[in-house]
Amino acid sequence: MIIEIEDDFSLGKMADCGQCFRAVCLPDGSYRFISRENVLNIREQAPHQFQVSCSEEAWEKFWRDYFDLSRTYSRIREDLLMQLSGEGETPFGQTPRGVSEGDAATEAACRQDGADSVERCMPGPDVVSDAAVRFLTQAEQAGRGLRILRQDPWEMLITFILSQRKNIPAIRSAVEKLAMLYGHPVKEMLFTFPSPEELGRASEADLRAAGLGYRAPYVKDAADKVLSGELDLETLEKLDDESLFEKLMTVKGVGKKVANCICLFGFGRTSRAPVDVWIERAVSLCGGVDPFPAFGEYAGIMQQYAFYYMTHQKV
DNA sequence: GACCAGGTGGCCT
DNA sequence: AGGCCACATGGT
């Protein structure tokens with residue numbers, strides 16, 4: 001079947017941007033994505049034309065949502081650039097200023113992790129510094145084509161617990177190993193990411209043997225909390241961004257950065273902008289002030305452009 | 001064979 | 001509240 005996609009849609013970038021770890025480019029130039037029980041082969045056969053291996057029903061019911069196709073990223077980029085050029089005086093998702101200092105909505109939009117002061121979101125003359133404008137403009141160009149994939153929350157929970165102090169290739173192999181050991185086959189030599197029940201069968205010692213190292217008890221705790229119902233991933237969907245973030249932080253081994261990644265990549269919360277070592281470098285290139293929260297509802301999308309830029313270009 | 005990786009929890013002031 | 005540091009393993 002052929003799908004037409006006019007909007008931003010770079011398979012290469014999405015498969016290699018550090019948000020999904022199981023997508024691969026096959027020898028024939030097509031890409032294979034896997035999520036839950038679904039496997040998709042997709043190839044760009046002409047500009048904006050994609051050949052997909054699934055049925056129309058599977059595309060509409062699953063993959064359209066997975067690729068976040070209800071959002072128009074070209075439009076979002078325009079908005080982001082407009083804010084960069086200073087035309088958008090009011091950052092997304094924030095109420096106009098000068099009303100009242102302690103405005104709850106503004107404060108909520110500013111808080112990325114509950115610890116940061118409102119201070120740095122309170123825009124001075126320039127919400128985003130000149131250095132930041134230059135950097136973010138470059139980043140948007142480099143990252144054009146990316147989308148925030150709507151991945152399985154459980155898989156994101158475990159994957160980003162695994163991710164700490166690993167590079168992307170190492171995360172890939174760790175996830176693949178878990179799938180091989182505890183998932184079930186969907187095709188030959190291709191395994192699902194293990195469900196909470198499947199992964200729950202592994203003891204902490206088993207997980208250490210699988211190479212998780214000090215993260216083994218963290219993964220165990222996550223599986224325990226999900227299996228006991230203490231962490232109900234379906235219910236979490238209904239929570240607002242901040243409550244979701246706080247709830248995720250109750251899992252051992254889930255700190256600010258990992259919780260924000262789960263919010264962004266597992267729950268589609270595009271206001272969350274995780275700060276890792278790469279983004280810290282980006283922040284210093286921007287003059288030392290984290291520019292992402294100022295993008296409000298789309299902070300996570302701008303962050304993803306910056307992350308891609310940092311990990312793929314020499315800056 | 002160093003060096004570093006999409007960090008975090010625990011301990012210390 | 002904020003600054004160190006150990007932590008296990010694998011890729012480059």
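FYI, side chains are in, hydrogens and waters are out, and symmetry mates aren't considered; it's all heavy atoms of this structure.
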| So what does A:E280 touch, heavy atoms closer than 4.0 Å: a base, only the sugar-phosphate, or nothing? | nothing
| query | How far does the P atom of C:dG3 sit from the matching atom of B:dG6, given to the nearest Å? | reply | 24 Å
Anything under 3.5 Å between a protein N or O and an N or O of nucleotides 5-12 of chain C, put it in a table, one pair a line.
unit_1 : atom_1 : unit_2 : atom_2 : d
C:dA8  : O4'    : A:Y214 : N      : 3.4
C:dG11 : OP1    : A:S173 : OG     : 3.4

| query | In whole Å, what is the span from the CG atom of A:D221 to the P atom of B:dG7? | reply | 20 Å
| query | To the nearest Å, how far apart are A:L248 CG and B:dG7 C1'? | reply | 16 Å
| DNA chain B: 5'-proximal contact among A:G18 and A:V251 (nearest heavy atom) | A:G18
| task | Give the rounded distance in Å between these two atoms: CD of A:Q151 and C1' of B:dG6. | result | 13 Å
| said: Quick check for you: to the nearest 0.5 Å, what is the distance between A:Q304 atom CD and A:L264 atom CG? | reply: 6.5 Å
| message | Heavy atoms only, 4.0 Å cut-off, all strands: where does A:R172 land among base, sugar-phosphate and nothing? | response | nothing
| request: Say whether A:D7 and A:T72, considering side chains only, have a donor N or O and an acceptor N or O under 3.5 Å apart. | output: no
| request: Indicate, with a heavy-atom threshold strictly under 4.0 Å, whether A:Y308 touches base, sugar-phosphate, or nothing. | output: nothing
| said: Tell me the interatomic distance from A:K252, atom NZ, to B:dG7, atom C1', rounded to whole angstroms. | reply: 17 Å
| said: Tell me if the aromatic rings of A:F160 and A:F21 count as close, with their centers under 6.0 Å from one another. | reply: yes
| query | Are A:W278 and B:dG6 stacked, counting the six-membered base ring, centres under 5.5 Å, planes under 30°? | reply | no
| query | How close or far is atom C1' of B:dG6 from atom CG of A:L162, stated in whole angstroms? | reply | 12 Å
| Given the P atoms of B:dG9 and C:dG10, what is the spacing between them in whole Å? | 22 Å
| field | side chain to side chain contact (heavy atoms under 4.5 Å, CB included) partner of A:F33, the single match among A:V24, A:V39, A:L11 | value | A:L11
| message | Parallel, tilted or perpendicular, judged at 30° and 60°: which one describes the rings of A:F62 and A:Y66? | response | parallel
